[in-house]
Amino acid sequence: MDSIAIDVIDRAILAALRQDGRASWRELGERVGLGPTATADRVRRLEREGVIRGYHADVDLSVLGIGLRAFTELQLESGVDSDAFEEELARTPEVRSASHVTGAHDYVLQLACPDVAALDRILTGWKFAGAARESSTRIILHDVDLSP
């Protein structure tokens with residue numbers, strides 16, 4: 001895949017959309033120094049070229065009773081079909097994100113569960129099913145706000 005040319009205004013648009021994906025063309029244009037029409041044209045181009053893949057809601061999981069988030073590194077048992085395991089991950093609602101990685105572990109997962117017992121059930125389930133050989137989990141205490 002060829003990379004596309006992104007200029008300083010495109011980068012400013014992307015940064016502004018990461019902060020507020022619901023900003024109007026006018027608001028977005030004011031932030032980057034363009035009119036609404038030019039801003040809309042640039043955003044549509046970034047969408048068309050696949051730079052912007054979608055817009056998402058930032059959900060407060062604690063309001064939904066999900067009080068524990070964790071990162072888990074997971075090593076599969078030898079011989080486990082990674083495609084089948086990835087399908088299992090997709091069917092597990094507590095898995096918020098999954099990345100197949102290099103190194104001692106095969107996957108890094110972000111999990112969101114109601115409590116430690118639920119986290120334990122998920123990880124133990126994968127081990128008893130013969131999919132996971134080893135896991136290392138770190139509970140997220142809080143997120144660091146890196147916005148300017």
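Bear in mind that the values here come from a model prediction, so they are computed numbers and not experimental data. The figures here come from the full heavy-atom set of this structure, side chains too, leaving out hydrogens, waters and symmetry mates.
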Trainee: Taking all atoms of both residues into account, what is the closest heavy-atom pair of Ala132 and Leu74, and its distance?
Mentor: CB-CD1, 3.7 Å
Trainee: How many angstroms lie between CZ in Arg133 and OG in Ser78, if you round to the nearest 0.5 Å?
Mentor: 5.0 Å
Trainee: Please list, chain by chain and in numerical order, all residues satisfying side-chain contact (heavy atoms from CB on, under 4.5 Å) with Arg53, sequence neighbours excluded.
Mentor: none
Trainee: Heavy atoms only: give me the nearest Gly130-Val80 pair and the separation to one decimal.
Mentor: O-CG2, 3.4 Å
Trainee: Val101, Leu89: one ILVMFWY side-chain cluster at the under-4.5 Å cut-off?
Mentor: no
Trainee: Please enumerate all residues that pass side-chain hydrogen bond (donor to acceptor under 3.5 Å, both in side chains) together with Asp83, with sequence neighbours excluded.
Mentor: none
Trainee: Any donor and acceptor pair, going by atom type alone, linking the side chain of Thr92 with main-chain N or O of Val95 inside 3.5 Å?
Mentor: no
Trainee: Could you check Glu86 against Tyr107 for side chain to side chain donor-acceptor pair (under 3.5 Å), going step by step and ending with a plain yes or no?
Mentor: CA-CA 10 Å; Glu86 289 175 13; Tyr107 290 90; 2.6 Å; yes
Trainee: With sequence neighbours left out, what residues match Ser136 under side-chain contact (heavy atoms from CB on, under 4.5 Å)?
Mentor: Glu73, His105, Arg138
Trainee: Mind jotting down which residue pairs meet the ring pair (Phe, Tyr, Trp, His ring centres under 6.0 Å) criterion with at least one end in residues 114-142? Sequence neighbours excluded, please.
Mentor: Phe85-Trp126
Trainee: Run the side-chain hydrogen bond (donor to acceptor under 3.5 Å, both in side chains) test against Asp120 and tell me which residues pass, sequence neighbours left out.
Mentor: Thr124
Trainee: Listed by chain and number, what are the side-chain contact (heavy atoms from CB on, under 4.5 Å) partners of Arg22, not counting sequence neighbours?
Mentor: Asp20
Trainee: Any idea which heavy atoms bring Leu14 and Leu46 closest together, and the distance?
Mentor: CD2-CD1, 4.0 Å
Trainee: Applying side-chain hydrogen bond (donor to acceptor under 3.5 Å, both in side chains), name anything that partners Asp60, two or more places apart in sequence or on another chain.
Mentor: Ser62
Trainee: Are Ile52 and Leu34 connected in the hydrophobic side-chain network, where two residues link if heavy atoms are under 4.5 Å apart?
Mentor: yes
Trainee: Nearest heavy-atom pair of Ser24 and Glu27: which atoms, and what distance?
Mentor: N-OE1, 2.9 Å
Trainee: Decide side-chain contact (heavy atoms from CB on, under 4.5 Å) for Arg96 and Leu109; before the verdict, give the C-alpha distance in whole Å, the side-chain angles of both, and the deciding distance to 0.1 Å.
Mentor: CA-CA 7 Å; Arg96 306 250 311 144; Leu109 311 174; over 6 Å; no
Trainee: Are Leu119 and Leu61 linked, directly or through other ILVMFWY residues, by side chains that come within less than 4.5 angstrom of each other?
Mentor: no
Trainee: Hydrophobic clusters join Ile, Leu, Val, Met, Phe, Trp and Tyr when side-chain heavy atoms are under 4.5 Å apart, directly or via other members; which others share one with Val63?
Mentor: none
Trainee: Over all heavy atoms of both residues, which pair between Ala70 and Thr137 is shortest? Give the atoms and the distance, please.
Mentor: CB-CG2, 3.7 Å
Trainee: Starting from Val51, can I reach Val8 by hopping between I/L/V/M/F/W/Y residues whose side chains sit under 4.5 Å apart?
Mentor: yes
Trainee: CZ of Arg48 to CD1 of Ile4: how many Å apart, nearest 0.5 Å?
Mentor: 9.5 Å
Trainee: Kindly state each residue pair satisfying ring pair (Phe, Tyr, Trp, His ring centres under 6.0 Å) with at least one member in residues 48-78, sequence neighbours excluded.
Mentor: none
Trainee: When rounded to the nearest 0.5 angstrom, what distance separates CD in Gln75 from CG in Asp106?
Mentor: 6.0 Å
Trainee: I need the full list of side chain to side chain donor-acceptor pair (under 3.5 Å) pairs touching residues 28-46, with sequence neighbours left out, sorted by first then second residue.
Mentor: Asp7-Arg42, Asp10-Arg42, Asp10-Arg45, Arg26-Glu30, Arg45-Glu49
Trainee: Are Ile139 and Leu111 connected in a single hydrophobic cluster, I mean Ile/Leu/Val/Met/Phe/Trp/Tyr linked by side-chain heavy atoms less than 4.5 Å apart?
Mentor: yes
Trainee: If I take atom CD1 from residue Ile66 and atom SG from residue Cys113, how far apart are they, to the nearest 0.5 angstrom?
Mentor: 8.0 Å
Trainee: Do the non-hydrogen side-chain atoms of Ser135 and Lys127 ever get within less than 4.5 Å of each other?
Mentor: yes
Trainee: List in chain and number order the residues that pass side-chain contact (heavy atoms from CB on, under 4.5 Å) with Ala117, two or more places apart in sequence or in another chain; answer none if no residue qualifies.
Mentor: Asp115, Arg121
Trainee: Apply ring pair (Phe, Tyr, Trp, His ring centres under 6.0 Å) to Trp25 and list each qualifying residue two or more places apart in sequence or on a separate chain.
Mentor: none
